[in-house]
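Remember, predicted model here, so these are calculated numbers, not experimental data.
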Amino acid sequence: PRLYVEHALAPGAEIALGKSPAHYLRNVLRLKPGDAVLVFNGRDGEFRATVAEGKRAALLLGEQERMQRRMDR
C-alpha cells in the first residue's frame, strides 16, 4: 500500500500521522505495527516505511524507493 503524507521525508525519520491517515492505515488497510507501507509527498520521492509500535500513529522511514520525478513544462 501507498500513503500520501505532507511531511518532509528522509531515511530514519519518524512521521507522526494525523487522525485521517491513521484511521486509513488502521481501519481501512488494517495494518498493524511492523507492517510495511510506501509513503510519498510529491517532493522528496517515495520511501519504504514501517508502522511504529505502540498506540501512537506513526511511521518509521527506511530507504528511499524512488526519486521524485520532476515535471518540467
Side-chain angles (χ1 to χ4, degrees):
R2 294 178 76 220
L3 179 69
Y4 172 81
V5 296
E6 294 191 13
H7 300 32
L9 303 176
E14 181 173 328
I15 297 176
L17 297 175
K19 187 176 180 178
S20 180
H23 170 80
Y24 179 70
L25 287 181
R26 290 180 177 161
N27 301 313
V28 177
L29 296 178
R30 299 191 183 276
L31 296 181
K32 307 240 182 293
D35 286 346
V37 64
L38 294 172
V39 294
F40 68 99
N41 63 7
R43 297 180 311 272
D44 301 321
E46 183 176 73
F47 285 76
R48 291 182 190 192
T50 304
V51 178
E53 298 288 334
K55 293 190 179 205
R56 70 188 192 284
L59 295 173
L60 304 173
L61 295 185
E63 64 187 51
Q64 187 174 33
E65 192 69 21
R66 280 193 247 176
M67 299 288 290
Q68 182 64 38
R69 197 168 81 178
R70 302 290 178 207
M71 301 296 284
D72 294 331
R73 294 180 186 194

Scanning both residues in full, the closest heavy-atom pair of A49 with L59 reads CB-CB, 4.2 Å
Heavy-atom nearest pair, A58 first then E14, reads CB-OE2, 3.7 Å
Over 12 non-hydrogen atoms of neighbours within 6.0 angstrom of CZ in R30 = no
For L60 and A52 the tightest heavy-atom approach is CG-CB, 4.2 Å
Note: P11 and F47 closest approach over all heavy atoms is CD-CE2, 3.6 Å
- Query: Do T50 and D35 have side-chain heavy atoms sitting under 4.5 Å apart?
  - Reply: no
Rounded to the nearest 0.5 angstrom, the CG-CD distance for L3 and E46 is 11.0 Å
With a 4.5 Å limit on heavy-atom distance, are the side chains of R48 and L38 in contact?
yes
| request: Assert yes or no for the condition that the ring centre distance of Y4 to F40 is strictly below 6.0 Å. | output: yes
task: Indicate yes or no for a side-chain donor-acceptor contact from H7 to the backbone of A16 under 3.5 Å, with no hydrogens or angles considered.
output: yes
Taking every heavy atom of P1 against every heavy atom of L31, the minimum-distance pair comes out as CG-CD1, 4.3 Å
key: Polar side-chain atom of Q64 near backbone of L9 as donor-acceptor pair, under 3.5 Å   = no
